[in-house]
Student: 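Mind having a look at this structure? Questions to follow.
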Amino acid sequence: MNDIRIRAAVAADARTIARVHVRAWRESYRGLVPDQMIEALSVERNGRMWADILTAGNSPIVHVVERLGGSDETEIVGFGSGAGARGSELGTSGEILAIYLLDRIKRRGIGRMLLTGLLAALADRGHPSAGLWVLVDNRSARRFYETLGAHAQSQRLVIDGPADMHEVAYVWDDLSGFH
């Protein structure tokens, strides 16, 4: 994994994060959400969203995963973000908002490094606990979070256009071990 680096995102990363976001959704959620949701994704729209996020004051924590190539070339192949919890449903003070890797770099320990870095960053910002939402049917993601010490908690139904998405909360009650 000497060819991988995780760093804080900067505003110039917005469009690349958007491309990874859309591609990772297409790779990860096909068969879990309706195809029309996947096909409606837009790098342009996501690029504007990420530009706004990365330039906002009091912005969330956003880390990118870079694959280092020869001649100082780098390629962003994943990203994750975290912030204060968006609501009380998780029962935590912090929330992982996104964590995405392209399929070609999964199962190499990179997701573990990215997620533990985000949890440590939330702990450093004073959050004693954190959680996230994952689709109930996303078995591989659920196993991943469980191997990192999270436990399943409440469930919710999110109605988003053409789909009713059933999600389950995964929670880390104590982030002190991630400092």
Student: If you group Ile, Leu, Val, Met, Phe, Trp and Tyr by side-chain heavy-atom gaps below 4.5 Å, do W25 and I96 land in one group?
Tutor: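 Same cluster: W25 reaches I96 through Ile, Leu, Val, Met, Phe, Trp or Tyr contacts under 4.5 Å.
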
Student: Nearest 0.5 Å, please: how far is CG in L32 from CG in N138?
Tutor: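 Reported to 0.5 Å precision, the distance equals 5.5 Å.
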
Student: For the atom pair CG (L102) and CD (E75), what is the distance rounded to the nearest 0.5 Å?
Tutor: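 Nearest 0.5 Å value for the CG-CD distance: 7.0 Å.
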
Student: So which heavy atom on L54 is nearest to which on A11, and how close?
Tutor: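 So the minimum-distance heavy-atom pair works out to CB-CA, 4.0 Å.
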
Student: Could you tell me if the ring centre of H21 sits under 6.0 Å from that of Y100?
Tutor: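 Between H21 and Y100, the centre distance is under 6.0 Å.
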
Student: Taking all non-hydrogen atoms of both residues into account, name the closest pair between G111 and I99 and its distance.
Tutor: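 Residues G111 and I99, closest heavy atoms: O-CD1, 4.0 Å.
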
Student: For R156 and E89, what are the C-alpha separation, side-chain angles and deciding distance, and is it a side-chain contact (heavy atoms from CB on, under 4.5 Å)?
Tutor: CA-CA 9 Å; R156 71 180 182 183; E89 287 180 288; 3.2 Å; yes

Student: Are E44 and R19 close enough for a salt bridge, meaning some N to O gap below 4.0 Å?
Tutor: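 Salt bridge: no.
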
Student: Specify the closest pair of heavy atoms between A9 and V64, including all atoms of both residues, with the distance to one decimal.
Tutor: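 Closest pair (atom of A9, atom of V64, distance): CB-CG1, 3.9 Å.
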
Student: Can you find a heavy atom in the side chain of I6 that is under 4.5 Å from one in the side chain of M113?
Tutor: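 In short, these two side chains touch, coming nearer than 4.5 Å.
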
Student: May I ask you to decide if D103's main-chain N or O and E27's side chain share a donor-acceptor pair within less than 3.5 Å?
Tutor: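 Yes: the side chain of E27 pairs with the backbone of D103.
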
Student: Determine, using the 4.5 Å side-chain heavy-atom cutoff (strictly less than), whether L118 and L97 are members of one ILVMFWY cluster.
Tutor: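 No, L118 and L97 fall in different hydrophobic clusters.
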
Student: Would the distance check show the side chain of E95 and the main-chain N or O of R86 forming a donor-acceptor pair, the cut-off being under 3.5 Å?
Tutor: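 Such a contact is found between E95 side chain and R86 backbone.
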
Student: Are L135 and H166 side-chain neighbours, meaning at least one heavy-atom pair lies under 4.5 Å?
Tutor: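 When only atoms from C-beta onward are counted, H166 and L135 do not touch, as no gap falls below 4.5 Å.
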
Student: Does the side chain of D173 reach to within under 4.5 Å of the side chain of T92, using non-hydrogen atoms?
Tutor: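 The answer is no; the side chains never approach within 4.5 Å.
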
Student: Would you please indicate yes or no on a ring centroid separation below 6.0 angstrom for W50 and F79?
Tutor: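 Yes: the rings meet the under 6.0 Å criterion.
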
Student: Taking the side chain as every heavy atom from C-beta outward, state whether E66 and R7 have any atom pair closer than 4.5 Å.
Tutor: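 Sidechains of R7 and E66: in contact.
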
Student: Tell me whether V158 shares a hydrophobic cluster with V171, the cluster being built from Ile, Leu, Val, Met, Phe, Trp, Tyr side chains joined at under 4.5 Å.
Tutor: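 Cluster IDs for V158 and V171 differ.
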
Student: Just do the side-chain contact (heavy atoms from CB on, under 4.5 Å) check on I53 and I17 with the steps written out, would you?
Tutor: CA-CA 11 Å; I53 289 169; I17 291 171; over 6 Å; no

Student: Got a donor-acceptor contact below 3.5 angstrom from the R5 side chain to the V65 backbone?
Tutor: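 Looks like no, no N/O pair under 3.5 Å.
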
Student: Supply the atom-to-atom distance T74 OG1 to D3 CG, rounded to the nearest 0.5 angstrom.
Tutor: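 One finds 12.0 Å between OG1 of T74 and CG of D3.
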
Student: May I ask you to decide if G80's main-chain N or O and H63's side chain share a donor-acceptor pair within less than 3.5 Å?
Tutor: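 Pair absent, no side-chain N/O of H63 close to backbone of G80.
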
Student: I38 versus V33: any side-chain heavy-atom pair under 4.5 Å?
Tutor: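 Yes, at least one pair of side-chain atoms sits under 4.5 Å.
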
Student: Please examine the side chains of L122 and L175, heavy atoms only from C-beta on, and report whether any two atoms are closer than 4.5 Å.
Tutor: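 The answer is yes, as the side chains (C-beta and beyond) meet within the 4.5 Å cut-off.
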
Student: Would you say R125 and P60 make side-chain contact, with heavy atoms under 4.5 Å?
Tutor: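 No. Closest side-chain heavy atoms not under 4.5 Å.
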
Student: Check whether L41 and M165 end up in the same hydrophobic cluster, where Ile, Leu, Val, Met, Phe, Trp and Tyr are linked by side-chain heavy atoms less than 4.5 Å apart.
Tutor: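 Yes: a chain of side-chain contacts under 4.5 Å links L41 to M165.
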
Student: Any side-chain to backbone donor/acceptor pair from R45 onto A40? Under 3.5 Å, distance only.
Tutor: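 Here the side-chain-to-backbone pair exists.
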
Student: Give the C-alpha distance, both sets of side-chain angles, the deciding distance and a yes or no for side-chain contact (heavy atoms from CB on, under 4.5 Å) between R30 and D35.
Tutor: CA-CA 7 Å; R30 189 128 351 243; D35 286 347; 3.4 Å; yes

Student: Testing the basics here: between G47 and A18, what is the closest heavy-atom pair and its distance to 0.1 Å?
Tutor: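 Minimum heavy-atom contact is N-CB, 3.3 Å.
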
Student: Given W133 and L90, is the side-chain contact (heavy atoms from CB on, under 4.5 Å) satisfied, shown in steps?
Tutor: CA-CA 8 Å; W133 293 99; L90 281 172; 3.5 Å; yes

Student: Does the R104 side chain pair with the main chain of L101, one donor and one acceptor, at a distance under 3.5 Å?
Tutor: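 No.
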
Student: Donor-acceptor pair, distance only, cut-off 3.5 Å: does the side chain of T147 make one with the backbone of F144?
Tutor: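 Judged by distance alone, yes, a pair lies under 3.5 Å.
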
Student: Just wondering, do S28 and K106 contact through their side chains at under 4.5 Å, heavy atoms?
Tutor: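 K106 vs S28: side chains touch.
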
Student: Looking only at heavy atoms, what is the nearest atom pair of S129 and G91, with distance?
Tutor: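 Shortest heavy-atom contact: OG-O, 4.4 Å.
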
Student: Do the ring planes of Y170 and Y145 sit parallel (below 30°), tilted (30 to 60°) or perpendicular (above 60°)?
Tutor: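 Aromatic pair Y170/Y145 classed tilted.
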
Student: Tell me if a side-chain donor or acceptor on D13 pairs with a main-chain N or O of V10 at a distance below 3.5 Å.
Tutor: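 Yes.
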
